[in-house]
Peer 1: 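Would you mind keeping the following structure in view while I ask a few things?
Here is how names work: the chains are called A, B, and so on, in the same order as the sequence lines, proteins then strands, and each is numbered from 1. Side-chain atoms are counted along with the backbone in the values below, which use heavy atoms only and exclude waters and symmetry mates.
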Amino acid sequence: MTTRYTEDHEWITVEGDIATVGITAYAAGQLGDVVFVELPEVGKTLAKGDEFAVVESVKAASEVYAPVDGEITAINDSLEGEPATVNEDPSGAGWFVKIKLSDASQLDGLMDEAAYNAHTA
Amino acid sequence: MTDTLLKTPLHALHVELGGKMVPFAGYDMPVQYPLGIMGEHKQTREKAGLFDVSHMGQARYEGDEAALEALITADLSALNSGEQKYTLLLNEKGGIRDDLMVSRPWGEHLFLVVNAATKDNDFAHIEAATAGKGKLVRLDDRALLALQGPAAKDVMARLCPSACEMIFMQCGTFELDGVEVYMSRSGYTGEDGFEISIPADKADQIARLLLAQDEVEAIGLGARDSLRLEAGLCLYGHDMDENRTPVEASLIWALARTRRDRGDFPGAAVIAQQIEDKTCQKRVGLKLTGAPAREGAEIADKDGNIIGTVTSGGFGPTVNGPVAMGYIDRGFLEPGTEVDVLVRGKARPATITKLPFVPANFYRG
């Protein structure tokens, strides 16, 4: 299991060819209280860099971008009723979507934890 | 850009308190503190919040009041010593140049408080229009604090008991911690509270004294925005501007009856015609489900026809749901009317809602 990070503050954890994606604790902290999360439909095909979700805080809406190419296989429905989960457990229960990877080599271009920590320092 | 931003006399205090600083109207201002927008909003509704609004423009006006009155919608002859009015500065087409507070805290002369982004224009306009008749003195050496919330009166009862004798929209001069201040019982959150004008060099002292009170926390611009939105109050440059009249902005109540009868304010003919015709768009409140609608989102009827635009919107922490204000065509103004708001292309159901979203909690005696 590997976790990688994007410059736009998404995390992606891969098991086999399925990746789970969410936003980092740093991003959640910057956004403040999350009040709504708009998620895509299951089955949607994404290209790396596509905007696939929107996080609404009290103040503003922020886009979330696909870290890799792939197809959405699951979305975290519980965020609809409990958007604050994104603040409470961003890297766990606050996950956004699961994606079936179409090109695992794209992960190599993303940051590891040390690089991401340096990026947000 | 950052190096050209102005700072209020409380800038260092905001940074010390952990304020997240952002540019606003040319100033480097705290959008929130570590408590967060949601927490700060609730703090203000339930206890008391302290806002630095020193970026707003303060001025004294002396001299011929008719010359100033001709530019605004208030009846200054009916404004007694110790009273404050919310009024509008209009252009020749009846468009809103700014909204402002005019008051008499000193017995003579007038005290004006205008918006930060418009203050230079407003003061230049007033000076030009009243030249030779009146004198406008900018009070740039003063800070402005707002103490808002149901516990504001308890704080003031300890620190400046005589200020608690004021009711909503009254004002005066007081001594607070040994400092002479101008104070009014008003604000822009829908809550009871006080606005306090302080010499800039005493602002830090007074702010620290207020923050040391158990009931009080520092509140940033983020919660100020969600509080005023729930209170149904307009944000200048968003919910109203030079292209919207008081009729369209649903601010006819800010037009003094006597002035309306006399028709002696800028754009009076346009405004009289709009009142007569009943055809212009008007500002309304909207309650949504799901995603908050932000400024610029289109409003559609249930057949998909575009009937209006959202001018400000977000999540209302006290309402516990998304709320918005916008301009909408006649025929859809009635509270309870069902419409759609297009958020990122998706039609989200919304209901026209009477403003304010949260009942006002002013102290009226």
Peer 1: Side chain from CB out, backbone as N, CA, C, O: work out which of these in A:Val54 comes under 4.5 Å of a heavy atom of chain B, or both, or neither.
Peer 2: side chain
Peer 1: Between B:Gly36 and A:Asp33, which heavy-atom pair has the shortest distance, and what is it?
Peer 2: C-OD2, 4.4 Å
Peer 1: Kindly indicate whether the side chain of A:Val35, heavy atoms from C-beta on, has any atom under 4.5 Å from the side chain of B:Pro292.
Peer 2: yes
Peer 1: Return yes when atom NZ of B:Lys354 has more than 12 non-hydrogen atoms of other residues, nucleotides or ligands closer than 6.0 Å, and no otherwise.
Peer 2: no
Peer 1: Should we say atom NZ of B:Lys47 is surrounded by more than 12 heavy atoms from elsewhere, each under 6.0 Å from it?
Peer 2: no
Peer 1: Out of curiosity, B:Arg344 CZ to A:Glu56 CD, how far, rounded to the nearest 0.5 Å?
Peer 2: 4.5 Å
Peer 1: Counting only heavy atoms not in B:Asn305, do more than 12 fall under 6.0 Å of its CG?
Peer 2: yes
Peer 1: Just checking A:Glu82: does its CD atom have more than 12 heavy atoms from other residues, nucleotides or ligands closer to it than 6.0 angstrom?
Peer 2: no
Peer 1: Just checking A:Glu113: does its CD atom have more than 12 heavy atoms from other residues, nucleotides or ligands closer to it than 6.0 angstrom?
Peer 2: no
Peer 1: Out of B:Pro317, B:Gly316, B:Gly290, return the one with the most heavy atom pairs under 4.5 angstrom to chain A.
Peer 2: B:Gly290
Peer 1: Considering non-hydrogen atoms only, spot the tightest contact between A:Lys59 and B:Arg294 and give its length.
Peer 2: O-NH1, 3.1 Å
Peer 1: Let me know if A:Glu63 has heavy atoms under 4.5 Å from chain B in its side chain, its backbone, both or neither.
Peer 2: neither
